[in-house]
Amino acid sequence: MSKILLADRMAAVQESATLALNAKVKQLAREGRTVYNLTAGELASDTPDFIQAAVAKKLQFNKYTPVAGLPELREAIAANARDFYGLDWIEPANVIATGGVKPGLYAALLAIINPGDEVILPVPAWTTSYRPLIELCGGVVVEVPLTEEFDLDPKAIAQKLSDRTKAIIINSPNNPTGAIFSRAALEQTAKLLKGSEIAVIADDVYAKLVYDDTFTLVPTAGFDKLVILNGFSKSQALTGWRIGYVIAEAKVAQAITSLLSHITGNAPLPSQYAALAAIDEQNDRPPAATITTLKRQRQMVDEALKQVSGINYRLPGGAFYYFFDIQELTNSSLEWCQQLLDETGVALVPGEAFGTPGFARLSFVTDETTLKKALELIKQFAEKDQT
Ligand code: PLP
């Protein structure tokens, strides 16, 4: 029996639905079930050899670093980000290295959001973490649907602005849809927010995994109150190393640093060296081979899903997810995904995890044999009740 009373705030917090599902799938595999895990939010490859080698040379170092990170890392992130975004205001003082994007996001929200402040969340979104983090700050989530094409919808955003709106989170390429938001929609949103006190939190964790030439980096669209979140998890295959960064104007950067000084302290030191190697060796871009593989796998999914009646989808422009509409097949995407897992061993994430029932997220970062087999099983499962 539990003896300790939990704080009221825990009502807002459950374990991340996607991480919990991933853990369940791994458990099933350990029990001997054949599972085709298409829930992963991370590249399938191991830590790149050059990163292992670079960090191996630094293992004797064990001391705290400055909370915001090693000076040489902040220097390197700032120079790299100036070049990547074309934003010349980015200096080391604007950069905080964080233990992954998540603590950076939480600290940024804590630094900006007062209780009762509203945060606009275009959905589908990574609500699985955005919502609890906003609510832990006492903030109020205001969901605004994306367009049918999964683009940002400035008109819908305009309708939801109020004098309590304090921030908007924009994530492109987007989890769960894989969509990239159009330049026109981003610029119109920037125009809409100009002169207001609304901060734009650009979650750019997938901005280096892009397959479509029309991609516009959110921070280049003309937003004047910008907090950039980015990191090495997704594009450098370093999810478990926990290393990311926040870029913000100096006062906000200082506030985030003060918060983190009491929560995480500095980001893990070996991971800071890993990040430095990723910038030094390959300019913090994923290897071309990674993009080629992901593009091919994206195409495999497209070719397979095209054949399945009842599943509707859009080709993702980035990240490594398809978010397909299964409303013609079921009234409950949660149950559909559960049955799919039970009957075929294929694991997808139901749209409920992203505030959008009626959909399922398929992650195509797995080996191609698994992907091919899983796609066949999805087709058989989707079509079995239709014949
Ligand atoms: N932002 C989005 C949109 C994500 O999908 C994820 C991970 O799934 C993160 C942030 C978290 O990144 P990190 O693992 O660096 O904390």
Side-chain angles (χ1 to χ4, degrees), residues 16 18-19 21-23 25-26 28-30 34-59 76-77 80 84 99-102 126 173-176 178 203-212 215 230-245 267-268 270-302 304 316-322 346-349 361-375:
S16 154
T18 40
L19 289 186
L21 196 71
N22 208 263
V25 168
K26 285 184 179 154
L28 284 175
R30 271 196 298 276
T34 304
V35 277
Y36 304 90
N37 185 4
L38 306 187
T39 68
E42 57 193 344
L43 293 180
S45 50
D46 291 339
T47 301
D49 289 344
F50 77 89
I51 291 183
Q52 294 189 37
V55 177
K57 289 190 198 136
K58 300 288 185 182
L59 291 181
I77 292 173
N80 191 268
F84 183 62
V101 169
K102 283 178 181 176
W126 188 52
N174 176 265
N175 179 8
D203 181 346
D204 269 7
V205 73
Y206 297 103
K208 288 168 182 161
L209 296 171
V210 172
Y211 320 109
D212 185 322
F215 177 59
N230 210 331
F232 302 87
S233 297
K234 310 289 180 175
S235 56
Q236 297 292 335
L238 289 176
T239 38
W241 288 67
R242 311 309 302 136
I243 184 75
Y245 53 90
S271 307
Q272 293 193 49
Y273 285 121
L276 206 47
I279 297 174
D280 286 349
E281 291 274 328
Q282 48 189 35
N283 206 20
D284 189 19
R285 304 293 154 95
T290 301
I291 298 294
T292 308
T293 303
L294 290 174
K295 249 186 175 165
R296 189 173 59 241
Q297 298 188 178
R298 178 182 78 141
Q299 195 179 341
M300 275 175 68
V301 180
D302 184 30
F320 32 62
Y321 308 114
Y322 275 76
V346 175
L348 303 177
V349 185
R361 191 192 76 176
L362 177 155
S363 156
F364 51 90
V365 273
T366 183
D367 65 278
E368 288 180 18
T369 314
T370 302
L371 187 60
K372 193 156 178 267
K373 180 72 190 162
L375 289 164

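Separating the OH atom in Tyr211 from the NZ atom in Lys295 is a distance of 9.5 Å, to the nearest 0.5 Å. One distance of note links CZ of Phe364 with CG of Leu375; it measures 11.0 Å at 0.5 Å rounding. Asn37 contributes atom CG, which lies 9.5 Å from atom OG1 of Thr370 (distance to the nearest 0.5 angstrom). Taken from CG in Leu43 to CG in Leu294, the straight-line distance is 6.0 Å, to the nearest 0.5 Å. The structure places CD1 of Ile51 at 8.5 Å from CD of Glu281, a figure rounded to the nearest 0.5 Å.
Checked by atom type and distance alone, the side chain of Thr366 never pairs as donor or acceptor with a backbone atom of Leu371 at under 3.5 Å. With hydrogens and angles disregarded, no donor-acceptor distance shorter than 3.5 Å links the side chain of Asn283 to the backbone of Asn80. With hydrogens and angles disregarded, a donor-acceptor distance shorter than 3.5 Å links the side chain of Gln52 to the backbone of Thr47. Looking only at distances, a side-chain donor or acceptor of Arg298 sits under 3.5 Å from a matching main-chain atom of Pro316. The closest donor-acceptor contact from the side chain of Glu42 to the backbone of Ser233 lies at 3.5 Å or more, if one exists at all.
Among all heavy-atom pairs drawn from Gln272 and Ala267, the shortest one is NE2-O, 2.9 Å. The two atoms that bring Val35 and Ala29 nearest to each other are CG2-CB, 3.5 Å, heavy atoms only.
Remark: Phe320 pairs with Tyr206 by the ring pair (Phe, Tyr, Trp, His ring centres under 6.0 Å) rule, at least two apart or across chains.
In this structure, Phe215 and Pro173 have side chains that are in contact, with non-hydrogen atoms separated by less than 4.5 Å. Glu368 has its side chain within reach of Thr293: a pair of non-hydrogen atoms, C-beta onward, lies under 4.5 Å apart. Side-chain contact check for Asp302 versus Tyr322: some heavy-atom pair is nearer than 4.5 Å. Ile77 places none of its side-chain heavy atoms less than 4.5 Å from the side chain of Asn230. Side-chain contact between Lys208 and Lys234: absent, with no pair of heavy atoms (C-beta onward) separated by less than 4.5 Å.
Between Phe232 and the options Tyr273, Trp241, Tyr245, a ring-ring contact (aromatic ring centres under 6.0 Å, His included) holds for only Tyr245.
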Only distances under 3.5 Å count here; give the side-chain donor-acceptor pairs of residues 285-292 to other protein atoms, sequence neighbours excluded, each with its distance to 0.1 Å.
unit_1: Thr292; atom_1: OG1; unit_2: Ala288; atom_2: O; d: 2.9

